[in-house]
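Following: one structure in C-alpha cells, then a few remarks.
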Amino acid sequence: MQRRWCRLAALAAVVVFTACEQAEQLQDRFRDMTPHEAYQASLADAGLAETALGRDWTEAGRGVLDSPTTVTLPFQESGHIAPEVPGAVAYRLSIPRGRRLTFRVSLDSEEDTRLFIDLFRMPQDEEDPLRPVVSSDSLSHTFVHEPWRGGEFILRVQPELLRGGRFQINVAEEAQLGFPVEGYGVPSVLSFFGDPRDGGRRQHHGVDIFAPRGTPVLAATAGTVRRVRVTNRGGKVVWVRDPVHDASIYYAHLDSQYVRDGQWVERGDTVGFVGNTGNARTTPPHLHFGLYRRGPVDPFPFITQPAGVLPELTADLTLLGDRVVPANDGIRLRAAPGRRGSILQELNRTTPLRVTGAAGEWFRVRLPDGTNGYVAARLMEAAGDNAEIAADGGGR
C-alpha cells in the first residue's frame with residue numbers, strides 16, 4: 001500500500017509539473033513585451049539596431065543568457081559596465097520549492113539611465129525559450145518572486161545603449177511562509193508529511209510541530225479565515241485562504257481558536273493556541289500544520305529558512321573598471337566566485353585583466369579575448385598603462 005501510494009504521488013507530481021509547463025507556454029504566447037524587448041524594438045524603429053553599437057548591445061544581452069554565472073544565495077556583487085562598451089551581466093539561480101526570491105539593483109550614474117532587469121525561468125525543454133517572470137526598467141524598489149514550484153532562473157541586468165556606471169545587485173531567498181508556532185522553529189517538527197497513519201491506511205498530510213499547551217499559533221501568511229470548526233479528527237481547527245499563493249492553510253488540534261469566520265489576518269497574527277484536541281488527545285500538545293493547493297502539499301519546505309550566509313565583501317572596490325594583473329603565474333580563473341567554481345584556465349603573470357565586478361573576496365574580470373571569470377582579489381596587482389589596449393581588446 002505504501003509503495004503504491006508513493007508511485008501514485010510521483011505520477012501526480014509529474015502530471016502537475018507538465019500541466020504547469022504547458023500553462024506557462026500558453027501564457028508566454030500572449031504576454032506583453034518586456035521593457036527590454038520594447039527598447040530593442042525602439043532601436044530597430046530608429047534604425048539603430050543594425051549599427052555596430054546596436055548589434056553589440058543586442059549581442060551583449062543575448063550572450064550573457066547563454067553563459068550566465070552560477071551563484072549560490074545569498075549573493076551580492078558590485079560591478080561596473082563601461083558606457084562606451086555595450087555590456088550586461090547575468091546570474092543563474094537555483095530556487096528550491098517553498099522559497100521566496102528577493103533582489104534589488106542600484107546604479108551609480110550621473111546620467112538618467114534606464115537599467116533593464118529581467119528574471120527568467122529556465123524551461124524544462126531546452127528548445128523552449130526562456131520565460132520572463134519579472135521585468136522592469138525601474139530601480140525604485142525590491143523585486144520579489146514567489147515561484148510555487150522550484151526551478152532554475154536567470155537574472156539579467158543591462159543598461160540602455162551608451163549608458164553604464166557602477167551597479168550593485170543583492171539577491172536573497174527566504175521561506176515563503178512564516179513559522180506558525182511562536183518562539184519555535186524547524187527542530188520542533190517531529191512528524192512529517194507522508195508519515196503513515198492508522199496502521200498505514202492513510203498518509204500524514206502535514207507536519208506536527210510540538211510545543212507546550214497554550215503556545216500562540218501564528219498565521220503563516222496573510223489571508224481570509226474561511227472556517228473555524230471543531231471536527232473529530234482535527235479537533236479545534238482553523239482554515240485560512242491565502243490569495244497570493246492560491247492555497248489553503250490548515251491549523252489543527254488547537255487548544256482554543258482566536259479568530260472568526262471571514263476575518264482577515266496578517267502574517268504573524270495569532271489564530272489560536274497549541275493543544276491536542278481531536279484525535280490527538282493521547283499525544284503531547286502540538287500543532288498539525290497543513291498546506292493545500294489542488295490537494296495536499298508538503299509544507300516543510302515552505303517554513304524552512306535557508307542556511308546560507310552572505311560572504312563579507314573584502315575585494316577592493318576602488319579597482320572596479322581598472323586594469324589588474326595576476327601577482328604570479330598559475331592563478332586560476334574560475335567560472336563563479338568561490339573555490340567551488342569550475343576552473344576555466346590558469347593565468348600567467350603578464351595577463352592583463354579588466355575588473356568588472358567584485359563579490360566577497362573575488363574580482364570578476366574580463367580577459368583580452370573577451371573571456372569573463374573570477375579571480376581571488378588578493379592575488380591581483382594594479383597594472384601599468386601598457387596593459388590598457390590588451391585588456392580592452394576583446395568583447396564584453
Sorted by chain and number, sequence neighbours left out, ring pair (Phe, Tyr, Trp, His ring centres under 6.0 Å) with F103 holds for F143
Please check if the number of heavy atoms outside R349 that lie under 6.0 Å from its CZ is greater than 12. yes
Atom CG of D128 and atom CZ of R121: how far apart are they, to the nearest 0.5 Å? 12.5 Å
Once you round to the nearest 0.5 Å, how far does CG of L333 lie from CG of N372? 8.5 Å
What closest approach, in Å, do Q158 and A60 show between heavy atoms, and which atom pair accounts for it? NE2-CB, 3.9 Å
Keeping to residues at least two apart or across chains, list the ring-ring contact (aromatic ring centres under 6.0 Å, His included) pairs with something in residues 336-381. none
Sequence neighbours excluded - ring-ring contact (aromatic ring centres under 6.0 Å, His included) pairs with any residue from residues 67-98: F75-Y91
The complete set of side chain to side chain donor-acceptor pair (under 3.5 Å) pairs with one or both residues in residues 327-347, sequence neighbours excluded, reads R339-E361
Looking at CZ of R104 and CG of N170, how far apart are the two atoms once the value is rounded to the nearest 0.5 Å? 9.0 Å
Does F300 have any ring pair (Phe, Tyr, Trp, His ring centres under 6.0 Å) partners at least two apart in sequence or in another chain, and if so, which? F192
Is the count of non-hydrogen atoms from other residues, nucleotides or ligands lying under 6.0 Å from Y39 atom OH greater than 12? yes
Using atom types as modelled and distance alone, determine if a side-chain donor or acceptor of R55 lies under 3.5 Å from a backbone N or O of A49. no
Any sub-3.5 Å donor-acceptor pair from E152's side-chain atoms to M122's backbone N or O? no
Could you tell me whether F289 and Y251 have their ring centroids closer than 6.0 angstrom? yes
Go through V71 and L93 one step at a time and tell me if the side-chain contact (heavy atoms from CB on, under 4.5 Å) criterion holds. CA-CA 6 Å; V71 298; L93 320 166; 3.4 Å; yes
Only distances under 3.5 Å count here; give the side-chain donor-acceptor pairs of residues 215-228 to other protein atoms, sequence neighbours excluded, each with its distance to 0.1 Å.
residue : atom : partner : partner atom : Å
T215    : OG1  : P212    : O            : 2.7

Sub-3.5 Å donor-acceptor pair from the side chain of T58 to the main-chain atoms of G54, do we have one? yes
Given 3.5 Å as the limit, does a donor-acceptor pair link the side chain of T356 with the main chain of R364, or not? yes
Which value, rounded to the nearest 0.5 Å, describes the distance between I303 atom CD1 and Q176 atom CD? 12.5 Å
Would you say V237 ends up clustered with F273 if hydrophobic residues are merged whenever their side chains have heavy atoms under 4.5 Å apart, either directly or through other cluster members? no
For F302, give me all partners under ring pair (Phe, Tyr, Trp, His ring centres under 6.0 Å), at least two apart in sequence or on another chain. W148
Does some side-chain heavy atom of L48 sit less than 4.5 Å from a side-chain heavy atom of L53? no
Please step through side-chain contact (heavy atoms from CB on, under 4.5 Å) for the pair V238 and R260, ending with a clear verdict. CA-CA 9 Å; V238 171; R260 64 184 183 277; over 6 Å; no
Using ring centroids (six-membered ring only for Trp), state whether Y184 and F179 fall under 6.0 Å. no
Give me each pair satisfying side chain to side chain donor-acceptor pair (under 3.5 Å) with a member in residues 302-320, each pair once, sequence neighbours excluded. D316-T318
Is R202 salt-bridged to D195, going by a charged N under 4.0 Å from an acidic O? no
Closest non-hydrogen contact found for P68 with L65 is CD-O, 3.5 Å
Beyond-backbone contact of R163 with R114, side-chain heavy atoms, under 4.5 angstrom: no
Could you state the interatomic distance from CG (D66) to CD1 (I154), rounded to the nearest 0.5 Å? 8.5 Å
Ignoring hydrogens, what is the shortest heavy-atom contact between A175 and P306? Give both atom names and the distance. N-CD, 4.0 Å
Taking the side chain from T277 and the backbone from L254, do they hold a donor-acceptor pair closer than 3.5 Å? yes
Taking all heavy atoms of S135 and all of P35, pick out the closest pair and write down the distance. CB-CD, 3.8 Å
Identify the two heavy atoms, one from I95 and one from P147, that lie closest to each other, and give their separation to 0.1 Å. CG2-CG, 4.0 Å
Can you run down the salt bridge (charged side-chain N to carboxylate O under 4.0 Å, His left out) pairs that involve residues 204-222, sequence neighbours left out, and say none if there aren't any? R197-D208, R213-D255
Taking only residues two or more places apart in sequence, or in another chain, which ones meet Q257 in a side chain to side chain donor-acceptor pair (under 3.5 Å)? none
Under the side chain to side chain donor-acceptor pair (under 3.5 Å) test, which residues partner E266, sequence neighbours left out? W264
For residues L162 and P83, determine if any side-chain heavy atom of one lies less than 4.5 Å from a side-chain heavy atom of the other. no
Could you tell me if the side chain of L313 sits less than 4.5 Å from the side chain of S78, heavy atoms only? yes
side-chain contact (heavy atoms from CB on, under 4.5 Å), that's the test. Do H205 and Y292 meet it? Break it down for me. CA-CA 9 Å; H205 289 166; Y292 292 81; 3.7 Å; yes
Of the non-hydrogen atoms in P299 and L291, which two are nearest, and what is the gap between them? CB-CB, 3.9 Å
If you round to the nearest 0.5 Å, how far is CD1 of I81 from CG of L107? 8.0 Å
Is any side-chain heavy atom of V375 closer than 4.5 Å to a side-chain heavy atom of P326? no
Ring pair (Phe, Tyr, Trp, His ring centres under 6.0 Å) involving H36 - partner list, sequence neighbours excluded: W57, F116
Begin with the C-alpha distance, continue with both residues' side-chain angles, and end with the deciding distance and a verdict on side-chain hydrogen bond (donor to acceptor under 3.5 Å, both in side chains) for D45 and S42. CA-CA 5 Å; D45 292 341; S42 71; over 6 Å; no
Could D242 and R267 be called an ion pair, given the rule that one side-chain N must be under 4.0 Å from one carboxylate O? no
Taking the side chain as every heavy atom from C-beta outward, state whether D322 and V355 have any pair of such atoms under 4.5 Å apart. no
Show, in sequence, the C-alpha distance, side-chain angles and deciding distance for E59 and R62, and conclude whether the side-chain contact (heavy atoms from CB on, under 4.5 Å) test is met. CA-CA 5 Å; E59 180 55 33; R62 181 186 300 117; 3.2 Å; yes
With the side chain counted from C-beta on, respond yes when V171 and P74 share a heavy-atom pair under 4.5 Å apart, and no when they do not. no
Could you tell me if the side chain of L155 sits less than 4.5 Å from the side chain of D118, heavy atoms only? no
Would F153 and H145 count as a close aromatic pair, with their ring centres under 6.0 Å? yes
